[in-house]
Amino acid sequence: MQKLSPYVPGKPVDELARELKLDPAGIVKLASNENPLGPSPKALAAIQAELSELTRYPDGNGFVLKQRLAQRYSVGVHQVTLGNGSNDILELVARAYLAPGLNAVFSEHAFAVYPIATQAVGAEGRAVAAKNWGHDLDAMADAIDENTRVVFVANPNNPTGTWFDAAALGTFLARVPAHVLVVLDEAYIEYAEGQELPDGLAYLADYPNLLVSRTFSKAYGLAALRVGYAISSPVIADVLNRVRQPFNVNSLALAAACAALDDVDYLAASRRVNDAGMAQLERGFRQLGLEWIPSRGNFIAVDFARDAAPINQALLREGVIVRPVAGYGMPTFLRVSIGTERENARFLDVLTQVLQQ
Ligand SMILES: *Cc1c(COP(=O)(O)O)cnc(C)c1O
């Protein structure tokens with residue numbers, strides 16, 4: 001476990017405020033791909049209504065939320081697994097399918113939890129070199145051997161924002177042997193709908209070794225509550241259900257997720273704000289002569305063509321928190337989550353000053 005490097009989260013606002021004696025109200029955090037709109041009012045009302053029940057254990061089966069998800073996506077209830085964030089889903093997969101002597105394949109510059117969850121159960125992580133910052137799905141299929149049990153793919157990927165289309169996914173799934181579970185991580189899919197990305201759920205019927213994981217943390221704006229889910233074959237769902245904690249999703253999270261799922265206006269607004277914010281940041285970067293990786297998520301990786309750490313430090317001193325991604329093999333980049341128009345403008349102003357220093 002000594003070799004396991006811990007997940008490095010975005011710096012919390014209060015931590016920076018304490019460290020630099022700044023007013024937390026003046027700090028802009030664009031570091032953790034959180035929804036800048038704040039939670040859906042419908043989710044907040046559902047939480048309020050649930051508070052008086054806090055003395056009870058939550059429904060360990062998450063019956064209502066699973067029903068809603070099954071209805072929404074036209075799948076069976078027994079295909080749904082709930083997680084304490086989709087992070088939990090990734091860990092359940094590792095615990096159920098990986099062990100010493102076995103391996104998991106994932107891409108370079110992919111989500112840090114894939115190697116962490118893999119190493120935590122003593123399995124080998126195989127990071128496959130990226131192509132143009134994105135997944136090289138052919139090379140990933142080539143990296144699979146008889147000891148591979150899991151392949152993690154993210155579409156779009158974090159922290160690069162890169163994506164692959166339906167043809168690429170279809171070719172990849174056809175190449176992966178049946179003994180290998182494909183975890184298709186769609187944490188940002190709600191932002192990308194209709195933008196040439198495949199809907200992973202459409203492949204479940206043909207590929208019983210596919211699991212699609214999604215979350216309420218990003219477009220649904222409920223990161224603090226920790227609720228995510230997987231949709232897979234009933235066989236895989238049954239296996240994950242056996243290794244999960246009995247009450248892995250709390251009652252406030254269950255209630256809020258149901259309400260959020262119904263709040264189509266909130267989701268539409270989230271997408272609108274994200275599209276406008278992405279365009280705003282791209283314009284800003286262009287004016288500053290910076291390059292970036294085109295993204296389909298709610299974040300964008302911008303390249304400074306030199307060590308980005310001092311730029312990050314200078315931004316922090318001005319109360320702007322973004323995410324360094326040196327730990328992802330991208331030392332010249334910073335990843336910036338899309339904020340509100342005001343937050344994006346503040347970030348671009350401060351960045352402009354920092355780059356002139
Ligand atoms: C944010 C993120 C997740 C999981 O977030 P949870 O809050 O645990 O649901 C999973 N995968 C990727 C690629 C992410 O960026």
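Whatever order the structure lists them in is the order used to number ligands and atoms, beginning at 1. Quick note: residue numbers are just sequence positions, from 1. No experiment lies behind these values; they were computed from the predicted model shown.
Counting heavy atoms under 4.0 Å from ligand 1, residue Ser86 touches it through both backbone and side chain.
Between Lys42 and Asp265, none of the side-chain N atoms (NZ, or NE/NH1/NH2) sits under 4.0 Å from a carboxylate O, so this pair counts as no salt bridge.
Interatomic distance, CD1 of Ile300 versus CD of Gln280, reported as 11.5 Å (0.5 Å rounding).
Checking Tyr114, Tyr188, Phe152, Phe111 against atom 15 (O) of ligand 1, the nearest heavy atom belongs to Tyr188.
Residue contact check: Arg226 has heavy atoms under 4.0 Å from atoms 6 (P), 7 (O), 8 (O) of ligand 1. Within the listing of ligand 1, atoms 2 (C), 3 (C), 10 (C), 11 (N), 12 (C), 14 (C) sit less than 4.0 angstrom from a heavy atom of Ala187. Below 4.0 Å from some heavy atom of Asn158 lie the following atoms of ligand 1, by number and element: 13 (C), 14 (C), 15 (O).
The protein heavy atom nearest to atom 7 (O) of ligand 1 is Ser217 OG, 2.5 Å. Nearest to atom 14 (C) of ligand 1 among the protein's heavy atoms is Lys218 NZ, 3.2 Å.
By the criterion of side-chain heavy atoms lying less than 4.5 angstrom apart, applied directly or through intervening Ile, Leu, Val, Met, Phe, Trp or Tyr residues, Val182 is not grouped with Tyr97; the two fall into different hydrophobic clusters. Leu90 and Leu184 fall into different hydrophobic clusters, defined by Ile, Leu, Val, Met, Phe, Trp and Tyr side-chain heavy atoms under 4.5 Å apart, directly or through other members.
An N or O contact shorter than 3.5 Å is missing between Asn84 and ligand 1 by distance. An N or O contact shorter than 3.5 Å links Thr215 to ligand 1 by distance.
Residue-environment remark: CD (Gln353) exceeds the threshold of 12 foreign heavy atoms within 6.0 Å. Around atom CG of Asn132, no more than 12 heavy atoms belonging to other residues, nucleotides or ligands sit under 6.0 Å away.
Neither side chain, Thr352 nor Asp349, offers a donor N or O lying under 3.5 Å from an acceptor on the other.
For Asp185, the closest heavy-atom approach to ligand 1 falls below 4.0 Å.
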